[in-house]
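What follows is one structure encoded as structure tokens, with my remarks underneath.
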There are 2 protein chains.
Amino acid sequence: MDEATAANLFGVLSNADRLRVIRVLVEAGPDGRSAGDIAGAIGATPSRASFHLAALSEAGFAIGEKQSRQMIYRINFEHIGALIAFLMEDCCKGSTRLRACCGMA
Amino acid sequence: MDEATAANLFGVLSNADRLRVIRVLVEAGPDGRSAGDIAGAIGATPSRASFHLAALSEAGFAIGEKQSRQMIYRINFEHIGALIAFLMEDCCKGSTRLRACCGMA
DNA sequence: AAATTATTTCAAGGATACTTGAAATATGGA
DNA sequence: TCCATATTTCAAGTATCCTTGAAATAATTT
């Protein structure tokens, strides 16, 4: 992952609504959750939630699947992990000091 | 750490110049590096580098200390670690799936 | 087919962030 | 003191992002 890509991905995480969406999707687990449910859970209008879900999807943090009338979104841990790995291993050279700071002993 | 704070911190990481600065500071180690050196290393004008160093400092990712005429900046791993910990433990509930994705077994 | 439900798209407006270059500040040396 | 060095600050312009509300799309039900 190059710096420009990582910067864009951090940009997608730089919004409280989107972090809340991630939290909701993590709680939902593999079943995922519908766009409308997510909007309700984070207290946003459907339009606003859709805007943020689109950002998360395009970035790869969430994956959406159409199920009849609803859009079901699921978290994509792999992508979040890839960004964390960039920050820790690539950008911070796997610093043991940093690893200690987030429970990686 | 609450979502708004985390979102702001991710915002600070959402810039390729600033990620390059972090990399330079990690390489520099505990001696740190001067603002002018950093500007040269990332290929930015002094003014532009100063703008980004101010953002990193204010966020707590870097710590600056004035030494005579120069400003020496050092990386602050603790703060980066706190943000990673928020994302992994708090936001993603310590998901073992996520941990596996970034080498935390 | 018409109405209902679920979601997205769009345009307009406001807010925030970034770059540039010039000017200001501060320190050290001649 | 005067000049050079190191860095920051500022204003102006540009670009990007976010919110809102209305309209469009799509699928289901009656």
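Since the structure is predicted, the reported quantities are computational estimates derived from the model, not experimental observations. Letters A, B, ... mirror the listed sequences (proteins, then strands); counts begin at 1.
A distance of 11.5 Å separates CG in B:Asp37 from CD1 in B:Ile42, rounded to the nearest 0.5 Å. The distance from the CG atom of B:Asn15 to the OG atom of A:Ser14 is 11.0 Å, given to the nearest 0.5 Å. The distance from the CG atom of B:Leu13 to the CZ atom of A:Phe10 is 5.0 Å, given to the nearest 0.5 Å. Between the CZ atom of A:Phe61 and the CG atom of A:Leu19 there is a distance of 9.5 Å, given to the nearest 0.5 Å.
Between B:His79 and B:Leu9 the shortest side-chain heavy-atom distance falls below 4.5 Å.
For A:Asp2 and A:Thr5, the side-chain atoms include at least one donor-acceptor pair closer than 3.5 Å.
A salt bridge links B:Arg97 to A:Glu78: at least one charged side-chain nitrogen sits closer than 4.0 Å to a carboxylate oxygen. Between B:Arg18 and A:Glu3, no side-chain nitrogen of the basic residue sits less than 4.0 Å from a carboxylate oxygen of the acidic one, so the salt-bridge criterion is not met.
Between B:Arg33 atom CZ and D:dA6 atom P the separation is 14 Å, expressed in whole Å. One can place CG of A:Asp17 at 10 Å from C1' of D:dT19, the figure rounded to the nearest angstrom.
Reading DNA chain C from its 5' end, the first and the last nucleotide to sit under 4.0 Å from a heavy atom of chain B are C:dC18 to C:dG28.
Of the residues in residues 40-72 of chain B, B:Ser47, B:Arg48, B:Phe51, B:His52, B:Ser68, B:Arg69 come within less than 4.0 Å of DNA chain C through at least one heavy atom, sorted by number.
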